[in-house]
Amino acid sequence: MDLLTHLNAQQREAVTASDGAVLVLAGPGSGKTRVLTRRVAWLVLEQDIAPWHILAVTFTNKAAREMRARLDQLLGASRSQRLSLGTFHAICARVLRQESEAVGISKDYVIFDSDDQLRLVRQALKELNLDDKRYRPQAIHSAISRAKNELVPPESYDTGSYYGEIVKRVYERYQAMLALNHALDFDDLLTKTVWLFERNPGVLARYQERYHHILVDEFQDTNQAQYRLLHLLAKRQNSLFCVADEDQSIYAWRGADYRNIRRLRNDHPDLRVILLEQNYRSTQTILDAARGVIRRNPDRTDKALFTEREAGPKIVIREAYDADEEARTVVDTIAQLVAQESAKPGDCAIMYRTNAQSRALEDAFMRAGLPYRLVGATRFYARAEIKDLIAFLRLIHNPADSISLTRVINVPARAIGQKTVASLESAARDLGVSVYDVVKNLPADLGVRAQRALAAFEELVEGWLEVRDSLTVVELIDRVLQDTRYAEYLRDGTDEGEDRWNNILELRSVAAEYAGLPLTEFLAEVALVSDVDSLGDDVDAPTLLTLHAAKGLEFPIVFITGLEEGVLPHSRSLDDGEQLAEERRLLYVGMTRAKDQLYLSYAFIRSRYGDNDPSIPSSFLNDIPSELVAGRSKRSRLGAPSGQRATTWDVKLDAPRVRTGPNYSAGQRVRHKAFGEGLVIESRSDNNDEIVTVLFEDAGLKRLMAGLAALEVLSN
DNA sequence: TGATCGCGCCTTTTT
DNA sequence: GGCGCGATCA
């Protein structure tokens with residue numbers, strides 16, 4: 001296959017650019033990922049570059065997986081597998097494992113996720129006798145993280161204020177505790193690698209010689225540590241190829257530094273800049289609307305985005321009474337689009353600013369009896385039972401990991417209470433050893449009861465340590481589950497208990513998929529993977545996701561909800577120009593995900609922390625040229641919808657048929673398209689909708705919205 | 001020690 | 001509106 005087919009002149013220029021430093025400035029939907037992938041293939045196939053000389057960095061694991069799959073096709077799996085491809089974090093984790101000796105860390109280090117990091121900060125605060133009400137662990141942690149992203153070690157942390165002094169002390173203690181636990185946090189993966197390269201010219205030279213070609217996607221979202229890393233690796237005049245869109249920079253809060261683009265220009269005077277301005281995704285209407293929003297940001301070079309697509313339908317802006325009605329309207333619209341075959345459910349995406357907003361949407365889908373896919377949010381690996389099981393594995397892998405140990409030492413309850421744990425921790429601190437070392441060598445001042453319980457726990461762990469190297473990860477999981485009688489503990493007869501047990505089984509099957517992977521790598525994989533959405537890729541259902549998670553994706557139909565002052569833009573950004581600009585970019589990213597049709601909505605009442613406040617439509621809406629909008633909601637702000645359902649927004653479609661009065665009653669047999677036959681248990685009115693509870697023979701108990709579920713009555 | 005209840009605080013966004 | 005934390009009781 002010809003690598004240059006279906007590419008425009010600028011894209012070809014980028015794919016075949018000669019070695020040196022190249023910066024591709026590209027708008028949304030301009031095929032940047034495609035260009036990046038093709039360039040990798042072109043280097044291998046046309047320039048005879050050996051795959052192991054290429055390093056490609058993506059922003060998410062998902063993007064890496066997708067690029068790998070594409071390269072498998074273009075190059076064949078055997079060549080593609082030899083490329084270094086992954087996120088900065090994943091690549092650094094591998095380097096550190098390889099060079100653990102030079103870095104001076106345990107080869108068996110574990111990676112602490114944000115949860116563990118917070119626990120560690122809390123513990124550091126406690127040890128320093130600082131009040132965690134006054135010094136919020138979250139805030140302290142983010143200050144530490146920011147320092148690390150800027151490569152500032154604790155000793156040179158600039159205090160400048162009393163608060164800064166506190167951060168510095170916690171930072172010092174935090175790093176010491178990580179070392180004690182043989183652990184690295186996310187930021188350490190980057191900073192330790194930079195540190196390694198800066199201090200070991202020999203090691204750096206090896207990697208410089210290995211990676212002749214370095215390619216970076218989403219360059220606008222790199223932080224200082226990441227830039228430093230690229231700079232070090234590419235210093236030997238290796239070829240550096242970066243793809244960026246300043247307007248899609250949405251991670252400043254995580255340390256992403258837009259100045260990296262300027263740094264790149266300064267560090268590479270010969271930098272070649274290529275612009276990709278043609279958009280292959282969206283209609284002209286969507287592009288113009290998005291441009292209207294983004295052009296209000298200061299200090300940007302306005303890109304003249306254009307498309308060869310037609311204008312397409314206008315943008316729909318709607319006002320709903322509250323979040324529930326907003327959600328129902330979205331679900332109704334999707335149901336209509338699907339019913340008239342204008343779209344498949346999977347073509348639709350619903351985006352929002354904060355994860356908390358997904359609840360109303362999930363409710364609406366559930367009531368309508370329609371399936372959906374949720375990205376992120378209740379993240380699989382954040383569930384307590386999963387974290388527990390992983391903590392067991394991490395403990396087995398690295399008994400020095402005191403955070404994991406204290407997490408599971410009493411799970412399931414084995415009579416080791418907080419008091420005992422606290423005294424173990426303080427003994428460990430005094431002796432400068434790990435908590436497990438104390439367990440193995442119990443202080444005499446413990447009660448008999450605690451002694452006995454701890455001895456039993458030690459025996460349990462020792463048993464696992466003995467078999468650790470001879471068992472696969474799945475076998476090890478089974479052993480832990482069996483020894484701790486975990487199933488009995490979780491399956492307490494409640495539905496939640498069953499759910500939790502199923503999650504455990506799912507983790508087990510993930511481990512089975514990674515068959516043959518050593519425990520070390522399995523744990524690294526689990527720590528660095530955030531999205532398990534690969535699970536439901538085959539389901540034809542609408543996708544619910546945050547605007548951040550939407551980056552890099554595209555959908556024919558996009559709904560963006562919660563366009564209110566305080567939500568989007570978020571209230572925490574209202575008083576800061578930089579942050580406000582980032583909120584604007586966030587909306588821009590969301591809008592430009594849409595290929596064909598864009599729906600924007602806001603609610604008149606938004607409930608925050610339980611109480612309802614009237615809201616103001618987002619000021620960003622005013623920046624969308626009105627000729628691109630199909631008409632705004634004309635809802636009168638008189639209060640909650642009483643009799644009539646909202647049908648005032650101006651769309652070409654008829655409002656959904658809402659049945660009035662009850663149409664179903666308990667005892668009826670009904671049939672549903674997807675769930676099959678079942679028995680009506682209950683029917684009641686909620687707002688204007690009839691909510692029918694049906695016990696389906698196969699699908700079990702479901703609550704459905706009669707207006708949407710299209711139940712066929714079989715008998716009374 | 002472990003279960004239960006009430007209180008306060010919270011919420012950006014993710015590798 | 002929910003979750004974690006601390007106080008309180010079996």
Side-chain angles (χ1 to χ4, degrees), chain A residues 57-64 86-93 111-115 117-119 122 126 132-134 136-139 141-142 145 148-149 184-190 218 221-223 225-226 249-256 323 351-360 363 375-379 381-382 384 409-422 447 449-450 453 524-531 545-552 562 566-574 576 579-580 582-583 585-587 589-590 606-612:
Chain A
V57 188
T58 57
F59 188 72
T60 62
N61 287 297
K62 193 174 170 215
T87 61
F88 276 106
H89 290 87
I91 287 160
C92 289
I111 300 169
F112 273 9
D113 66 18
S114 5
D115 227 57
Q117 291 168 37
L118 218 53
R119 282 165 71 107
R122 285 215 176 88
K126 210 189 282 174
D132 66 355
K133 294 259 157 32
R134 196 165 159 153
R136 297 228 336 276
Q138 312 263 8
H141 177 249
S142 84
S145 179
K148 287 178 152 191
N149 283 325
L184 301 182
D185 67 10
F186 286 138
D187 305 314
D188 282 336
L189 294 174
L190 305 173
E218 311 282 11
D221 284 321
T222 50
N223 63 32
Q226 289 163 337
S249 159
I250 53 175
Y251 282 92
W253 54 273
R254 205 174 86 187
M351 301 172 188
Y352 35 81
R353 176 68 237 269
T354 65
N355 275 309
Q357 291 169 255
S358 74
R359 171 175 278 122
D363 269 5
V375 176
T378 40
R379 312 168 74 191
Y381 289 102
I409 194 165
N410 201 31
V411 177
R414 51 174 74 85
I416 303 171
Q418 289 163 16
K419 230 182 111 205
T420 309
V421 174
R449 197 167 128 90
E525 189 76 21
V526 163
L528 292 172
V529 158
S530 67
D531 44 6
L545 73 180
T546 63
L547 288 161
H548 281 89
K551 174 176 170 136
V567 178
L568 181 61
H570 195 271
S571 53
R572 304 268 283 238
S573 65
L574 290 176
D576 178 342
Q579 289 188 52
L580 199 63
E582 181 148 314
E583 297 289 308
R585 291 194 291 268
L586 202 46
L587 175 58
V589 167
R606 175 72 51 182
S607 73
R608 293 185 75 221
Y609 311 138
D611 35 34
N612 297 332

Between atom [atom1] of [X] and atom [atom2] of [Y], what is the distance when rounded to the nearest 0.5 Å?
X        : Y        : atom1 : atom2 : value
A:Cys92  : A:Phe186 : SG    : CZ    : 13.0 Å
A:Arg414 : A:Ile409 : CZ    : CD1   : 8.0 Å
A:Arg122 : A:Arg119 : CZ    : CZ    : 9.0 Å

Item to complete: Give the minimum heavy-atom separation between A:Arg254 and A:Asn223, together with the two atoms involved.
Response: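 Heavy atoms only, the tightest pair is O-ND2, 4.5 Å.
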Take atom [atom1] of [X] and atom [atom2] of [N], then tell me their distance rounded to the nearest Å.
X        : N      : atom1 : atom2 : answer
A:Arg136 : C:dC5  : CZ    : P     : 14 Å
A:His141 : B:dT14 : NE2   : P     : 15 Å
A:Leu189 : B:dT15 : CG    : C1'   : 9 Å
A:Arg359 : B:dT11 : CZ    : C1'   : 12 Å
A:Asn223 : B:dT14 : CG    : C1'   : 12 Å
A:Leu568 : B:dT13 : CG    : P     : 13 Å
A:His548 : B:dT13 : NE2   : C1'   : 4 Å
A:Arg254 : B:dT13 : CZ    : P     : 13 Å

Does a nitrogen or oxygen in the side chain of [X] sit under 4.0 Å from OP1 or OP2 of [N]?
X        : N      : value
A:Thr60  : B:dT14 : no
A:Gln579 : B:dT13 : no
A:Arg122 : C:dC5  : yes
A:Asn61  : B:dT15 : no
A:Ser607 : C:dG1  : no

Worksheet item: When the ring planes of A:Trp253 and A:His548 are compared, do they come out parallel, tilted or perpendicular, using 30° and 60° as the limits?
Response: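 Correct class here is perpendicular.
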Heavy atoms only, 4.0 Å cut-off, all strands: where does [X] land among base, sugar-phosphate and nothing?
X        : answer
A:Asn410 : sugar-phosphate
A:Phe88  : nothing
A:Thr420 : sugar-phosphate

Worksheet item: C:dG4 and B:dT13: how far apart are their P atoms, nearest whole angstrom?
Response: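 The answer is 15 Å between these two P atoms.
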Practice prompt. Please determine, for the side chain of A:Ala356, which listed nucleotide (B:dT11, B:dG2, B:dT14) has the closest atom?
Written response: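 Closest nucleotide to the A:Ala356 side chain: B:dT11.
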Worksheet item: How do A:Arg572 and A:His89 order along DNA chain B: which one's closest nucleotide is nearer the 5' end?
Response: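 Per heavy-atom nearest nucleotide, the more 5' residue is A:Arg572.
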